[in-house]
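Please read these numbers as outputs of a predicted model, since none were measured by experiment.
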Amino acid sequence: SRSFRKMNILAIVIPHSERHTGSYSMLNFPLGFAYVIGELRQQLPEANIYIKDFSIDSIIDEHEIKEILLDINKRFKPDYIIYGAMITRFTYIRILSRLLKNIFPQSRQVLGGSAAGSGYNYFLRDGVIDYFVIGEGEIAIVDILKGNYKNNLSVVVKENKRDSERQIIRDIDSLSFPSYKDFMIKEYVKSHYHFTGWNSMPMIASRGCPYSCNFCYSNFGNVVRNRD
């Protein structure tokens, strides 16, 4: 089995949009991903987590993605590679996952975000990504890395192509706070200031929405939970 103490985790931040540079739109801080990293820091303190933010540097081109991954491979050998995005990044995820498979063939890939929740059946056909986290990712990803995911309803694996049943985290006060220190906060704040005139960052004080709009993919489910 893999040693938690020596586990290497590569965490990749996928650009929210291909047009968030220049004067078009501002950078979107990956708050959900920061929550996941915070939980990993708390639950697996001895793990080596290497974070590569493709969003800040606007890494869009396939050749550029490949060159960066090849460079990472020279100095870091991940056991797991985690990333997430909205389903609108479908093509980007397919390109990235295939490059990861070629460059890090021994690594296991974990996809989260609404791309996993609403699109895992499509990605399963590629047979490249190993795990899909449906809905909230903090507990599910820790379970995957610890090998205790089989009873977690939020996890879909390529060997078990069942329909997922989302597992709600009811006590969100039990979760770690986002690991802001792992990200280039100044760059995100600078982008927010450029477009809004405020030095600001997003925050989430509750999860879930009681409504069921047919145009919305509610990643947190319909059970409203507040953080005290």
Min side-chain heavy-atom separation [X]-[Y] under 4.5 Å:
X: Pro15; Y: Ile60; answer: yes
X: Tyr149; Y: Ile141; answer: no
X: Ile144; Y: Asn152; answer: no
X: His192; Y: Pro202; answer: yes
X: Ile129; Y: Val110; answer: no
X: Asp130; Y: Val157; answer: no
X: Phe104; Y: Pro78; answer: yes
X: Val156; Y: Ile134; answer: yes

If Ile, Leu, Val, Met, Phe, Trp and Tyr residues are connected whenever their side-chain heavy atoms lie under 4.5 Å apart, and connections chain through other members, are [X] and [Y] in the same group?
X: Leu10; Y: Ile95; value: yes
X: Phe33; Y: Ile185; value: yes
X: Ile49; Y: Leu175; value: no
X: Ile12; Y: Phe90; value: yes
X: Phe54; Y: Ile87; value: yes

If I take atom [atom1] from residue [X] and atom [atom2] from residue [Y], how far apart are they, to the nearest 0.5 angstrom?
X: Tyr92; Y: Ser97; atom1: OH; atom2: OG; value: 11.5 Å
X: Ile9; Y: Arg108; atom1: CD1; atom2: CZ; value: 12.5 Å
X: Lys101; Y: Ile81; atom1: NZ; atom2: CD1; value: 9.5 Å
X: Asp57; Y: Glu187; atom1: CG; atom2: CD; value: 8.5 Å
X: Ile169; Y: Ser174; atom1: CD1; atom2: OG; value: 7.0 Å
X: Lys181; Y: Ile51; atom1: NZ; atom2: CD1; value: 10.0 Å

Short question: side chain of [X], backbone of [Y] - any donor-acceptor pair under 3.5 Å?
X: Asn222; Y: Cys209; answer: yes
X: Glu39; Y: Ser176; answer: yes
X: Ser191; Y: Leu27; answer: yes
X: Asp171; Y: Asp173; answer: yes
X: Asn28; Y: His16; answer: no
X: Arg225; Y: Val223; answer: yes
X: Ser55; Y: Val13; answer: no

Quick check on [X]: does its [atom1] atom have over 12 non-hydrogen neighbours (other residues, nucleotides or ligands) under 6.0 Å away?
X: Phe76; atom1: CZ; result: yes
X: Asn226; atom1: CG; result: yes
X: Lys190; atom1: NZ; result: no

Minimum-distance pair of heavy atoms, taken over all atoms of [X] and [Y]:
X: Arg207; Y: Ile204; answer: CG-CG2, 4.3 Å
X: Arg41; Y: Asp182; answer: NH2-OD1, 2.7 Å
X: Ala140; Y: Val155; answer: CB-CG2, 3.9 Å
X: Ile93; Y: Ala115; answer: CD1-CB, 3.5 Å

Inset, instruction - I would like to know whether Tyr188 and Asp53 meet side-chain contact (heavy atoms from CB on, under 4.5 Å); could you show each step before the answer? - result: CA-CA 11 Å; Tyr188 285 101; Asp53 194 333; 2.7 Å; yes
Legend entry - side-chain contact (heavy atoms from CB on, under 4.5 Å) involving Ile103 - partner list, sequence neighbours excluded: Lys66, Leu69, Leu70, Asn73
Legend entry - Geometric class of the Phe132/Tyr120 ring pair [parallel <30°, tilted 30-60°, perpendicular >60°]: tilted
Between the side chains of [X] and [Y], is a donor N or O closer than 3.5 angstrom to an acceptor N or O?
X: Asn8; Y: Asn48; result: yes
X: Tyr83; Y: Gln109; result: yes
X: Asp143; Y: Tyr131; result: no

Any ion pair linking [Y] and [X] (charged N to carboxylate O, less than 4.0 Å)?
X: Glu67; Y: Lys74; result: no
X: Glu136; Y: Arg170; result: no
X: Arg94; Y: Asp126; result: yes

Inset, instruction - Apply the test side-chain contact (heavy atoms from CB on, under 4.5 Å) to residues Gln43 and Lys146: give CA-CA distance (whole Å), side-chain angles for both, the deciding distance (0.1 Å), then the verdict. - result: CA-CA 10 Å; Gln43 299 296 329; Lys146 287 186 175 182; 4.0 Å; yes
Legend entry - Partners passing side-chain hydrogen bond (donor to acceptor under 3.5 Å, both in side chains) against Arg227 (at least two apart in sequence or in another chain): none
Legend entry - Centroid-centroid under 6.0 Å between Phe29 and Tyr180 rings: yes
